[in-house]
Each structure stands twice: as C-alpha cells, then as structure tokens.
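So the structure is just underneath, and the comments pick up after that.
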Amino acid sequence: MPTAAAPIISSVQKLVLYETRARYFLVGSNHAETKYRVLKIDRTEPKDLVIIDDRHVYTQQEVRELLGRLDLGNRTKMGQKGSSGLFRAVSAFGVVGFVRFLEGYYIVLITKRRKMADIGGHAIYKIEDTNMIYIPNDSVRITHPDEASYSYDLSHSLQYNLTVLRMPLEMLKSETTQSRQESFDIFEDEGLITQGGSGVFGICSEPYMKYVWNGELLGIIKNTVHRDWLLYIIHGFCGQSKLLIYGRPVYVTLIARRSSKFAGTRFLKRGANCEGDVANEVETEQILCDASVMSFTAGSYSSYVQVRGSVPLYWSQDISTMMPKPPITLDQADPFAHVAALHFDQMLQRFGSPIIILNLVKEREKRKHERILSEELVAAVTYLNQFLPPEHTIVYIPWDMAKYTKSKLCNVLDRLNVIAESVVKKTGFFVNRPDSYCSILRPDEKWNELGGCVISTGRLQTGILRTNCVDCLDRTNTAQFMVGKCALAYQLFSLGLIDKPNLQFDTDAVRLFEELYEDHGDTLSLQYGGSQLVHRVKTYRKIAPWTQHSKDIMQTLSRYYSNAFSDADRQDSINLFLGVFHPNEGKPHLWELPTDFYLHHKNTMRLLPTRRSYTHWWTPEVIKHLPLPYDEVICAANLRKLIVKKFHRYEEEIDIHNEFFRPYELSSFDDTFCLAMTSSARDFMPKTVGIDPSPFTVRKPDETGKSVLGNKSNREEAVLQRKTAASAPPPPSEEAVSSSSEDDSGTDREEEGSVSQRSTPVKMTDTGDSAKVPENVVQPMKEVYGINLSDGLSEEDFSIYSRFVQLGQSQHKQDKSSQQLCSRCSDGVIKLTPISAFSQDNIYEVQPPKVDRKSTEIFQAHIQASQGIMQPLGKEDTYMYREYIRNRYL
C-alpha cells in the first residue's frame, strides 16, 4: 500500500556563514549536500535587519560558482591572488534566530549538537553550544541547551503528528499548494512526476508556539525567508532508552516541553497570568516504538501525554523575607474563576476531555500555608463545572501526599498506583495500530474498561492528567512516574509485548523507566528550582540508602542558594531571550525594573479587547467536538495551519530512509548510529548464567547489570526472596523520609504505628545463619549449564538423542537391507518426514529450487548487458536515473 503522506524534511541542516566587508552570506544545505539555499544579510545598516532570500534551490556546482564570483568581486584589487575577498566565518547546524539590543542585530547560530533520540528515523538533537554574531561588528558566545529536529515537529505530540499524516487524500489534494519556484525541476517537461500515481504528499504543520522558545527570535524573518531556514526549538528534556525483549528492540522515549508563556524561576513565577498561562507548565510525553521497523506508516508507535503546572490562580510568594518557605499570598480576588477558565479552555482545545486534576498539596496543617491554594482551587473547579456538560466536567482528585509519606501505615506508591489505574482508564492512550487478535481471543478485564477513542487504525488519547503540588517538582515527578508506569504497561500490551497490562517494580523495564524519569525530573528541577530532585522514587519507596539523606540536604541548600541569589539574573535572561522585554534607548534597563509583573500581565498596561462570558467560559468550537481535542479535528481552521506539497516518491524531502542511512555516500557506523542510549540488556539485566533474560522478571535490588550477583547466596534463596518480596517488612533501622525540602516539610507530624508496608524486595534470610554457610568457590555444574551429568537421562532426553542419531544415519545412501536392519533397530523411534522443498533431503545431493519467470528475465538481462545488449528502460527507471544525476552532478 503506497504511502499517502510523509513529513517534509528540512533542506537546511548544515550551514556555513561567509563574510565580506558589506554582507554576510549564509549558505545552507541538506544532509546529503545536494541542495543548497543562500541568504544574503546586509551589514551596512546599523540598526535594521535586511535579509534577502531568492528562494532558489542551488546545486553544488552552482554554489561553488556563486562563491567564486563573490570572492573575486570582493578582493581589494581586481585579479589579486594573495588575499581573499570572501572569508568563511563559522560552520553551524541551524539558525536559532535574530535578536536586537540597543544597537544592531545579532544572529544566533547552532555550532554544536548531540543526537538524543530517534523516532521512526527522525533524529532529535540537543543544542550544546551556540554562537551569537553581531552582524555589523564582532561576535560573542552564549549557550542554550535545548532540543530541535529537522523533520519531526517537537512542539506537537506524536498523536497529532501521526493523525495529520493519516488525513484523507481528498483533503490533501485540496490543500496542495506549490509555487513555480518551489516545484522547479530540470526534467519537468518530461511529465514524470504526475504519472503512475507515484506522488506522495509532504506535510509540514505550523508549530504550537506555546512550546517554541525561539519564536520571537525568528518572528522578524518568518515572512521573509523560506520555511526551511526556520528551525523551531523546544526547551525541556529529551531522553531515550532501549528495552530489549528477547532480542526485539523497543525504544522508550521521554520528551518534556516547557511552556514559553509565563516562564521563569521558582519563587519569581507562581500561579498564572491574565491569559491563563501558568508557571512551570511542562507537557511530558512518553513514546514507545518498535525499533525493528523504521517507518511511521508500517511501524508500531504508542504515546501517552500528561501535564504539570502551577495552581491556576493569582498567587505569589515574597522572597524578600529570606525564609526557606515564604508565605503564600493571593494577589487578586477571582470569584468567577476567570484565569482558571482561560487555562482549562486551552487544555480542552489541545487535549480534549476529561481534564483530571491531581492536587498533591497539603490538606492538614497547623498553620495555613499550602491549604490556601487547595481551597481556592476547589472553589474554582466547582464554579466552572456547573456550566459544563456532565460528561465533560473537570475531575478533581485531592491527595495529601506529604501526609501519607510520613505515615508508617500507608504505602504511598500503592495509593498512587490506584489513582494511576483510574486515570489511564479514563483518558486512554494513543497507538497507531488496531487491537491485536490475541486480545480478542483472550480478553482482559482491565483492557476492556480502557477509555479514550477507538478508531479503525488504533486508539486516541482523549483528555489529560494535570498534576500539581506547590513547586511541581519532587512530589509531582513521583506521581507522574507512577502514572507513566501504568500507561507503559498498557502500551506494551497494545503492541503485543506482554500478556497482561501490568508491570511490577524491580524489573529491568521499570528500572530503565525509573532512570529516565529521574533524569527528566532532575533536568526540570534544575531549570525551575535551581537544584536536582530532593525526593526521588526510591525515597517514597523507602529503600533509599542512608547516604541519600546527606545528598537531600545538599540539594535543599543548593536550591535555597539559587532561589535567593541567582534566580533574579536567570529571570532577566529568560525575559530577554523570549522577547518579553525589548531594550530601547531612553527606557530603564531590565535589571533596573523593580518587578516584571507588568511585562507578563498584559491587562495591567492596556485593556484586553474582549471579555469572556462568566458562564459560557469555553470556546464554542471546542465544546462541539469533545471528547476529541479541537486541534486534531479536521476542519478548515486546522487545515490552514498545514503546508501540503506533492513530491515524487524518490524526492529527498520525504525520503526518511535515505536521510537516515545515506546509501549514496561512504558513511561509518559511528556517524549513522551515533546515539549511545541506555539498554536494558547491558545496564540492568544480570550477567550471571541461568537468569531469565526477560526485562519483566522481578529481580533483587542488587541484581542488576551494574552490580552483578555474587556467589554468596544460592539460587533457591534468590527465588525465595523474589516470591516473598511484595509483603516484606522493612528493617528496624530504617528511618522515615526526611522533610528538609519544600515538598515534604511542614509543622504537622503524625505517629501512626511502627509497621510500614512496602512493595520492594528485601533479604529474608537471617544474617546469623547465612554467616555459617561456607562460601562456594566453584559453581555447581547444574547452576552453570542447567543440567547435572551424573544424573540418568530421562525418557524425553533419550528420545531426542535417538532422533539425532537417526538423522545422522540418513546422511549416507544405504541399500535396502541396511535400511531394513536400521528400521528393526530403531523400533519405537519417530520417523521424521522431510519438510524441505528438495525432493531428496540429503546434505550431499540436492535439487535446486525452481526460479520464477521474473527472476529469470532479470538474470538474462544482466548477462546480455555484459555482452553490450541493453534492455529498454521503463519510465520509473528513467526518472530514478535522472534524479540521481541531478542530485549528484548538477
């Protein structure tokens, strides 16, 4: 089945900036260096940005001739050979944007990148270094560690990207727009592109600007240059690991998109602004894909999305008091929940319904602190729900996680697992393939209760989980991990990789997923709070080592120091980079402003043009299509956001196979497979012989690839520990979770018993008894090879050996008498019937298989070509050859 649509690959992936006295020339090429584009930047204007893009696609030879003419024309004396008139300034991988301070403009170029993930052959890179060049004068260096991709839209979810590619062909034909210049082809008069139905629609969607961080920097050239020059960047986290299931590779990818609206640091950005954008809003998406098939159309992909963000109210904390926990104050009264309505309307448009709020702030406190936010949020949700249809109301789940953490009778993660199951059942998840036939033959109760939207090509996630505490850091990351772990089980089940949608702790798969989420939490915590996570998943499981307490204290001090002394400068940098503040002559400098409140709340500087209804607070078009998200509905408004162009199926702009493997050039494995990701088989699976290699087998905490299991305990003891792990009590010396950080600190302390239930394996044998057992220096033969040669053979083993002997005897030709004798000797042995395609099943004498007619014709044509007799070429062969000549030599 031919591909209906494919993502358009940017033809600007490598850049070289050339400098003359009066201009900059930015030459961009695709990965194969067969297509080039040129930007001309004027350097004579002191304060204005003048960019000329001729929108012409150059070949390699044309670019060389152009640069040669520029070099010759810019020399000091005509014909002078000693000095060059064109200088190579810098090599880069993309344009971040253009920014202007008090004088002229700067161009920000990506000079260093690192591959972080691979989704269906579409690479995702982390920006490790940039170069900011002053266009009229000198250059300086800055760093912006963000993520970007040349062919995959990182600002949208995988569900959106794949839904767009599956649009009906009739709608794509109506939206196809291509100018004469963009479709220029030296073989256009041959009419090969439109023949035979071999055209493929290339689709490029407008990015979701809320998660784009260089949108302001690219805004000045967006309508001037070709779209291939625009490289949109997200800020957050991207990590990928390989889950090896009996040799079958499965990629687990975690992408976090941080919102560029109302962005800032911990205490300086709290609550929401007047447009419904909240502080520390991050959209986290976990993607599961079968890495053995690298195609969006033929491969198997699944994703699940959840969101974290500050409580959508007008509130703040005053840090001038130099307190570790400044008091929470409500800045404005909002009886009609106006700001919360704007925020949830955005979520309904992007994610659909239901919206589920998991509120983890404290409910019981001796002094009102976090409870202020809970009371106001409950009132806002109650007010908004009375106007929504009953089937689309906002679900509110309050749970005091800090209280249950201090309690010794409650298991925090067990309670979170119950919440996660109910959430995933309501929202469902995305998968691009229909339910497997085995799930129909062996139905599962949990699978049949799953929500979401079931379509002919798979499932869609409808709705979203929104998790928050006060900071949305420690507690939120653990809660999101538990929900993600539950969703991961359903994703693996939908792809046919496990028999039941359930994953247990202390398996290689969950350990790999937990490591991804800890890196995810550390990165987001550093960006917003100034330090890594204080409390991790192991902390809430109560299995963290005693050295972790000292690390928690150091992270708490680091977070306090960053919030008190360096957050103000970081906030100024964010405001400048995002274009919230524009420096101008005669106005105060950014660091001279007493506050940036007026920069982020536009209604304080001018009246907003429209006011929403207090009762019908949603967008009318959004409510009509619920539970589906309006952004993914096929309508005229969404079609206008797409750029659709028809390509031949061999065009480089839509050929992801050639983009990834580069078959026409000499490449190395180090360049093609440069991504070094964590692997479950290498980093987590035990290295001892006889261990089940399945990543879904429960193991002891120290039984990993990084800490190999020794010989001090025998195999039976290990099995006993795994079976009794779930209900094991903790050691008496284990302490309660530290409450030094903001997430779990408080004045209320409860003593509710001394017994703690845990869902983690612990050692059950007595230390005194185990010390008396002598240590085995040599492993027994049964443990190493799986058998004991001293024991007698069983009937099944003897039968297998007899069949092997019979196969050996059938290798040689025997006369009838010997065959009869052999048959008498082998009574009771099963006679094996040959099942191969050969008439005689013998290793010495075989008959070649029959060759079909098409293969024979191809072989005869090959023989005739060696003799100078050429066969006439078809239209497809002619076009392929001309395409190759055009890309390589023209």
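Below, all heavy atoms of this structure are taken into account, side chains as well, without hydrogens, waters or symmetry copies.
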Check for a donor-acceptor pair, side chain of [X] on one end and backbone N or O of [Y] on the other, with a separation under 3.5 Å.
X: Ser295; Y: Thr297; answer: yes
X: His338; Y: Asp334; answer: no
X: Gln571; Y: Ala263; answer: yes
X: Ser151; Y: His122; answer: no
X: Trp315; Y: Ile328; answer: no
X: Asn468; Y: Gly309; answer: no
X: Gln346; Y: Glu275; answer: yes
X: Arg570; Y: Gln527; answer: yes
X: Ser10; Y: Val12; answer: yes
X: Trp213; Y: Arg258; answer: yes

Item to check | Test log, rule side-chain contact (heavy atoms from CB on, under 4.5 Å), inputs Val164 and Leu642 | outcome: CA-CA 9 Å; Val164 167; Leu642 301 178; 3.9 Å; yes
Taking the side chain as everything from C-beta on, heavy atoms only, tell me whether [X] gets closer than 4.5 Å to [Y].
X: Val96; Y: Leu231; value: no
X: Leu288; Y: Ser303; value: no
X: Trp399; Y: Asn359; value: no
X: Leu460; Y: Ile455; value: yes

Roughly how far, to the nearest 0.5 Å, is the [atom2] atom of [Y] from the [atom1] atom of [X]?
X: Tyr528; Y: Leu268; atom1: OH; atom2: CG; value: 9.0 Å
X: Ile654; Y: Lys646; atom1: CD1; atom2: NZ; value: 12.0 Å
X: Glu632; Y: Ile634; atom1: CD; atom2: CD1; value: 10.5 Å
X: Arg433; Y: Ser300; atom1: CZ; atom2: OG; value: 4.5 Å
X: Trp618; Y: Arg612; atom1: CH2; atom2: CZ; value: 11.0 Å
X: Leu348; Y: Ile623; atom1: CG; atom2: CD1; value: 6.0 Å

Which pair of heavy atoms, one from [X] and one from [Y], lies closest together, and at what distance?
X: Cys238; Y: Ile124; value: SG-CG2, 3.9 Å
X: Leu516; Y: Val252; value: CD1-O, 3.6 Å
X: Ala479; Y: Leu358; value: CB-CD2, 4.2 Å
X: Gly521; Y: Asn477; value: CA-OD1, 3.3 Å
X: Leu578; Y: Ser260; value: CD1-O, 3.4 Å
X: Phe581; Y: Leu576; value: O-CD1, 3.8 Å

Checklist entry - Should the pair Arg350 and Tyr208 be classed as cation-pi, given the thresholds of under 6.0 Å to the six-membered ring centre and 45° from the axis? => result yes
Checklist entry - Do Arg459 and Trp447 meet the cation-pi criteria used here (NZ or CZ under 6.0 Å from the six-membered ring centre, within 45° of the axis)? => result yes
Does either side chain, that of [X] or that of [Y], offer a donor lying less than 3.5 Å from an acceptor on the other one?
X: Tyr490; Y: Glu421; result: yes
X: Asp631; Y: Tyr160; result: no
X: Asn385; Y: Thr393; result: no
X: Gln491; Y: Gln286; result: yes
X: His343; Y: Arg466; result: yes
X: Asp345; Y: Gln349; result: no
X: Asn280; Y: Arg266; result: no
X: Gln461; Y: Gln159; result: no

Checklist entry - Counting heavy atoms not belonging to Gln386, are there more than 12 under 6.0 Å from its CD? => result yes
Checklist entry - Should we say atom NE2 of His616 is surrounded by more than 12 heavy atoms from elsewhere, each under 6.0 Å from it? => result no
Next on the checklist: Before you tell me yes or no, could you show the steps for Thr284 and His520 under side chain to side chain donor-acceptor pair (under 3.5 Å), namely the whole-Å CA-CA distance, both residues' side-chain angles and the distance that decides it to 0.1 Å?
Outcome noted: CA-CA 9 Å; Thr284 301; His520 161 267; 3.1 Å; yes
Next on the checklist: Angle between ring planes, His625 versus Tyr630, binned at 30° and 60°: parallel, tilted or perpendicular?
Outcome noted: tilted
Checklist entry - Taking the inter-plane angle between the rings of Tyr152 and Phe296 on a 0 to 90° scale, is it parallel (under 30°), tilted (30 to 60°) or perpendicular (over 60°)? => result tilted
Strictly below 4.0 Å, N to O, side chains only: are [X] and [Y] in salt-bridge contact?
X: Arg640; Y: Glu206; result: no
X: Glu375; Y: Lys368; result: yes
X: Glu216; Y: Lys261; result: no
X: Asp596; Y: Lys269; result: yes

Next on the checklist: Run Leu626 and Thr462 through side-chain contact (heavy atoms from CB on, under 4.5 Å) and show every step you take.
Outcome noted: CA-CA 9 Å; Leu626 291 180; Thr462 58; over 6 Å; no
Item to check | Test side-chain contact (heavy atoms from CB on, under 4.5 Å) applied to Arg308 and Glu281, step by step | outcome: CA-CA 6 Å; Arg308 68 171 69 182; Glu281 183 175 3; over 6 Å; no
Item to check | Sole candidate of Val381, Ile356, Thr382 that passes side-chain contact (heavy atoms from CB on, under 4.5 Å) when paired with Tyr396 | outcome: Val381
Item to check | Derivation of the side chain to side chain donor-acceptor pair (under 3.5 Å) call for His600 and Asn575 | outcome: CA-CA 9 Å; His600 292 272; Asn575 291 338; 3.0 Å; yes
Checklist entry - Under 6.0 Å between ring centres, would you say that holds for Tyr304 and Phe430? => result no
Next on the checklist: Apply side-chain contact (heavy atoms from CB on, under 4.5 Å) to residues Ile355 and Val395 and explain how you reach the verdict.
Outcome noted: CA-CA 6 Å; Ile355 296 176; Val395 181; over 6 Å; no
